[in-house]
Structure formats: C-alpha cells, structure tokens
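Here's the structure we're looking at; comments come further down.
From a predicted model like this one, the values you see are computed outputs, not experimental measurements.
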Amino acid sequence: MVVDTTQLTNQTTLRWQVGTEPDLAGYEVVWRETTAPDWQRSLPVGKTGSVTVDLSKDNVFFGVRAVGAGGHRSPAAAPRPQS
C-alpha cells in the first residue's frame with residue numbers, strides 16, 4: 001500500500017492491491033491524529049484499490065484494512081510513500 005506524495009495538497013490519495021479472497025466485502029481507510037494511540041475514524045470505501053480523502057497526509061496517520069462479508073476486519077496496514 002502506498003500514499004501518493006507527488007501532490008502537495010490537503011487531500012491524500014492511497015493505493016493498494018485488491019485481494020482475491022471470495023469473502024472480501026471491501027476496505028476501510030482508518031486514521032488518527034499523530035498523537036493518538038488508536039484509530040479515531042474510519043471510512044468505508046468499497047471493493048476498490050484506491051481512494052482520495054479530504055485530509056492532509058501531514059496531519060494524520062493513515063491505514064487501510066480489509067473487511068470480510070461477515071464484518072470481520074483485518075489489522076490496518078500503514079502506507080509507504082510513493083513519489
């Protein structure tokens with residue numbers, strides 16, 4: 001998973017490879033303030049491999065997690081920068 005660092009805007013674009021698991025329902029983007037120990041917010045984004053959110057990559061930490069058909073969530077993966 002990567003965070004696009006080519007654009008210096010207040011939006012953040014994240015990209016990842018979509019899984020092929022048959023029970024994969026979609027993904028959630030999660031984020032937290034840099035001083036918070038736990039994820040504070042989540043945004044369901046569906047079964048896609050990229051999303052642009054209206055949050056600055058400079059102000060929060062992001063993660064993406066898979067969501068199964070039964071509602072189970074994977075641990076969140078942190079993005080690496082991609083320029």
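- Under a 3.5 Å cut-off, the side chain of Trp16 and the backbone N or O of Thr48 do form a donor-acceptor pair.
- Nearest heavy atom pair, residue Pro37 against residue Arg32, reads C-CD, 4.3 Å.
- Within the structure, the ring-ring contact (aromatic ring centres under 6.0 Å, His included) test picks out no pair touching residues 61-80 (sequence neighbours left out).
- Within the 3.5 Å criterion, the main-chain N or O of Val53 finds no donor-acceptor partner in the side chain of Thr12.
- By the criterion of side-chain heavy atoms lying less than 4.5 angstrom apart, applied directly or through intervening Ile, Leu, Val, Met, Phe, Trp or Tyr residues, Val18 is not grouped with Val30; the two fall into different hydrophobic clusters.
- Counting heavy-atom neighbours within 6.0 Å of Gln40 CD, excluding the residue itself, gives a total above 12.
- When all heavy atoms of Arg15 and Ser50 are compared, the closest pair comes out as CG-CB, 3.8 Å.
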Problem set entry | Audit row: Asn10, Asn59, side chain to side chain contact (heavy atoms under 4.5 Å, CB included) steps and yes/no | CA-CA 9 Å; Asn10 285 330; Asn59 298 334; 5.7 Å; no

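- Glu28 contributes no side-chain N or O that, together with a main-chain N or O of Val67, makes up a donor-acceptor pair within less than 3.5 Å.
- The shortest heavy-atom contact between Lys57 and Thr9 is NZ-O, 4.0 Å.
- Put simply, the side chain of Arg41 does not reach to within 4.5 Å of the side chain of Leu43, judged on heavy atoms.
- Taking a 6.0 Å sphere around CD of Glu21, one finds it holds more than 12 heavy atoms contributed by other residues, nucleotides or ligands.
- The shortest side-chain heavy-atom distance between Ser42 and Arg73 does not fall under the 4.5 Å cut-off.
- When every heavy atom of Thr5 is checked against every heavy atom of Pro81, the shortest pair comes out as CG2-CB, 3.9 Å.
- To the nearest 0.5 Å, the span separating NZ on Lys47 from OH on Tyr27 amounts to 8.0 Å.
- Looking at heavy atoms from C-beta onward, Gln82 lies out of side-chain contact with Asp4 at the 4.5 angstrom threshold.
- Hydrophobic clustering of Ile, Leu, Val, Met, Phe, Trp and Tyr side chains at less than 4.5 Å, counting indirect connections, keeps Trp39 apart from Val29.
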